[in-house]
Amino acid sequence: MEIKKAEPIEATNFIEHEINKDILAGKIHGGIQTRHPPEPSGYLHIGHVRNIVMNYGTAKKYGGVCNLRYDDTNPLKEKQEYVDALQEDVQWLGFKWGNIYHATDYFQANYEIAVKLIKEGKAYVCDLSPEELSATRGTLTEPGTNSPFRDRSVEENLDLFERMKNGEFEQGSRCLRAKIDMASPNINMRDPVIYRIQYLEHQRIGRQWNIYPSYDFSHPLDDCLEGVTHSICGLEFEDHRPLYNWVVENSGLPNKSRQIEYSNLLIKNTVSGKRNIKKLVEEGIVWGWDDPRLITLRGLRRRGILPQSLIDFVVAAGLSKTTTICEKEMLDFFVRNTLNEKSRRVMAVLDPIKLVITNYEGEGEEILLEDYPQRGEETTKRSYVFGKELLIERSDFEVTPPPKYHRLYVGNKVRLKGAYVVTCTGYDLNEDGSVKCVYAEYDKDTKSGSGVEVKVKGTIHWLNAKHATRVEVRKFDNLIADGEGSTSERAEIGEVVYNKDSVHINKNAYVEAGVDYNLADRYQFMRNGYYALDCEDSKPEALVFNEVVGLKGSYKPEAK
RNA sequence: UGGGGUGUCGCCAAGUGGUAAGGCAUGGGAUUCUGACUCCCACAUUCGAGGGUUCAAAUCCUUCCACCCCAGCCA
């Protein structure tokens, strides 16, 4: 891959400002390099999109490269399943990595640097148990105390570390610690553990290693080894930065990567965070990682949300160091925006009532409907059948219309999308008082495309009762955290109540006959910004539609 | 009560001493064969609060307040 020598660009966020400063200060000798370092311990969700956009996007803007690196230093949590899914999801988003690396690729190098640190007296093997170690770490307000093993000789440390590597000791019995400062006000600097013993089957390298470097040790090293110039990560690592720098400085590696932190992106009242989502999956509260009620990439995808919307949303949300909790409406806007641009339109009726065109004679006639009206003249068209007996949306007729209602009521004219202008003449009621059937007369001169202009205030969508396919429509709500307040905004599991009725199944919806729901295409319902789609993973007859797209600007009877 | 961060419109967010960008949401209007889209117009005399420096401060100093993160051999 061609890598451009770093030059300042017009900064759109504080990270770019920082990078520009580094370039101007002459700290960058080649191109900009970043990395996307997920731990394969779960599926990607919308919060990760910011990280992905930052890393891949920033590298791209500078003409540099972003590599994908699996941060697989903890076999306990990681699975091949997640490794595979991660790549698919990043590709689905449309980002391209330079190379794929694994933290495990650097285990030998990490090990050698650890040995070097031991030789320099900067690391030591500690025999304290995890409990003992914790007890000597001190507290937030009190300093820790030195380990009794802190001043072991280099020879003894070397020997012990070698034997840890060879698997001679029990898990948890010993660890390698960096010798920094037990009195540091920053707890991360109180002789952090940099290697631990673990006899676990690693999803990638099996039982090759008995010792595993910790994140704090391997991450900065891997960054430097790989040539990363800027290691962009979450705010939670901010107070690890001194340790990051300590490792970089003491590694002896020529490339000095710099860590820059930014805040995470959350959506208000949604359950976010890999750990939280995982819990929902494991406890069976949702169907899986791709449950459409979830904000995982796969969940959003099954809801019909396109990757472009997510990227646009994240870019629009900007970047800062304050915790970003966006309202769902903001995401909705970008979802609508992309869908509006890309979806193929199709007529559908979610809650049907019959409309009879009393003066219509004959078996029916062909009409043409635009597939993509947003493309203007470029659009393809499909053929559909107009007839005597139609289905319309229940909400498109009112017995006693509220003020400013301009759809169907007795005496009112309305255009049937793509077909004729009709005048409502009457209706039948069921025994329970609900509307059974609506009657109307059509004006044969008003066919769409005929050039005859009739001013009507409403246009409604419809289906031919004989040429409509009954489909199951499922509506998914975000699985939301309970109510207001900072705790629930963060959507911590265990502290929140979930909306119970988050899936709405409507088996009485209809769409145009002949529409192929196996296509990986998006369809937009006729009015109100409802979108329907088939999703690859769902059953062919299942049509998912998402309310996330909202009902912007629809008729509000309460508004005068 | 230790350390590290953050506080600019209902929600995001620019701004880095020269007199408050933009997006979402909202309200109003135009247009419309989707009450969608599009298009106009409105929307912070004020930047967590109080002091101070300066001709001039959201930007500098200072005191205070609020919230977030850190005591895994997790990342």
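Order of the sequence lines fixes the chain letters, A, B, ..., with proteins taken first and strands second; residue numbering starts at 1 for each chain.
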Does the distance from a Lys or Arg side-chain N to an Asp or Glu carboxylate O, for A/Arg241 and A/Glu261, drop under 4.0 Å? yes
Indicate, with a heavy-atom threshold strictly under 4.0 Å, whether A/Lys77 touches base, sugar-phosphate, or nothing. base
Phosphate OP1/OP2 of B/rG5 contacted by A/Thr322 side-chain N/O (<4.0 Å): no
Residues A/Arg204, A/Asp105: salt bridge by 4.0 Å N-O rule: yes
Nearest-Å distance, OH (A/Tyr215) to P (B/rC73)? 16 Å
Complement of B/rA44, any strand, by Watson-Crick or G-U distances under 3.5 angstrom: none
Between B/rG29 and B/rG15, how far apart are the two P atoms, rounded to whole Å? 37 Å
My understanding is that only residues two or more places apart in sequence, or in another chain, count here; which of them pass salt bridge (Lys or Arg N to Asp or Glu O under 4.0 Å) with A/Glu398? none
Electrostatic pair A/Glu238-A/Lys321, nearest N-O below 4.0 angstrom: yes
Any A/Ser320 side-chain N or O less than 4.0 Å from OP1/OP2 of B/rA13: yes
Kindly indicate whether the side chain of A/Asp239 and the base of B/rG3 share any N or O donor-acceptor pair separated by less than 3.5 Å? yes
In this structure, how many angstroms lie between the P atom of B/rA14 and the CG atom of A/Leu319, rounded? 7 Å
Pairing check on B/rU54: which nucleotide meets the Watson-Crick or G-U wobble criteria with it, both distances under 3.5 Å? none
Strictly below 4.0 Å, N to O, side chains only: are A/Glu18 and A/Arg258 in salt-bridge contact? yes
Take A/Glu142 and A/Leu416, find for each the nucleotide of RNA chain B with the closest heavy atom, and name the residue whose nucleotide sits nearer the 5' end. A/Glu142
Can you tell me the Watson-Crick or wobble partner of B/rA25, both distances under 3.5 angstrom? none
Using O4'-C1'-N9-C4 for purines and O4'-C1'-N1-C2 for pyrimidines, with syn meaning within 90° of 0, is B/rG72 syn or anti? syn
Which of residues 123-134 of chain A sit near RNA chain B, with a heavy atom under 4.0 Å from it? A/Leu128, A/Ser129, A/Pro130, A/Leu133, A/Ser134
Please work out if A/Ser214 contacts a base, only the sugar-phosphate, or nothing of the nucleic acid, heavy-atom cut-off 4.0 Å. sugar-phosphate
Scan A/Lys455 against the nucleic acid and name what it touches under 4.0 Å (heavy atoms): base, sugar-phosphate only, or nothing. sugar-phosphate
Between A/Lys328 and A/Asp332, is the closest basic N to carboxylate O distance under 4.0 Å? yes
Any idea how A/Phe161 and A/Tyr111 line up, ring-wise: parallel (<30°), tilted (30 to 60°), or perpendicular (>60°)? parallel
Categorize A/Arg415 for me: base, sugar-phosphate, or nothing, with a 4.0 angstrom heavy-atom threshold over every strand shown. base
If you assign A/Ala317 and A/His219 each to the RNA chain B nucleotide with the nearest heavy atom, which residue ends up on the more 5' nucleotide? A/Ala317
